[in-house]
Amino acid sequence: MIKEIYRKDGIMQGGVRKRGKKWYYYFSITVNGKRKKIECVGGNAKKEGLDALRKALNEYEMGYIEPSKITVY
């Protein structure tokens, strides 16, 4: 099951999905003109995953993401 978060203009900002017993959050960023996907464990419950996604998006928009907590594909 995937739950996605959209901005007011309809563009997807990210989402959460369940893998095994954990919920993962993901979102895409653009680095040097190339799109990169960031995915990380959000928690054991869907709500924890959504909360982690919101926190990560806020940190990204403010210009800071802790490098040890992200995976880039």
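Keep in mind that this is a model prediction, so the values were computed, not measured.
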**Fill in**
Interatomic distance, OG@Ser28 vs CZ@Arg35, rounded to 0.5 Å, equals 4.0 Å
**Message:** How long is the straight-line distance from CG of Leu57 back to CZ of Arg54, given to the nearest 0.5 Å?
**Reply:** 9.5 Å
**Message:** As a quick check of understanding, evaluate salt bridge (Lys or Arg N to Asp or Glu O under 4.0 Å) for Lys55 and Asp51, giving each step before the final call.
**Reply:** CA-CA 6 Å; Lys55 181 180 177 186; Asp51 291 342; over 6 Å; no
**Spatial distance of atom SG (Cys40) from atom CH2 (Trp23) [nearest 0.5 Å]** = 15.5 Å
**Message:** Please give me the minimum heavy-atom distance between Ala56 and Tyr25, naming the atom from each residue.
**Reply:** CB-CE1, 3.5 Å
**Asked** Are Lys37 and Tyr26 in a cation-pi contact, defined as NZ or CZ under 6.0 Å from the six-membered ring centre and within 45° of the axis?
**Response** yes
**Item:** For Lys22, side-chain contact (heavy atoms from CB on, under 4.5 Å) partners two or more places apart
**Value:** Tyr24, Val41, Asn44
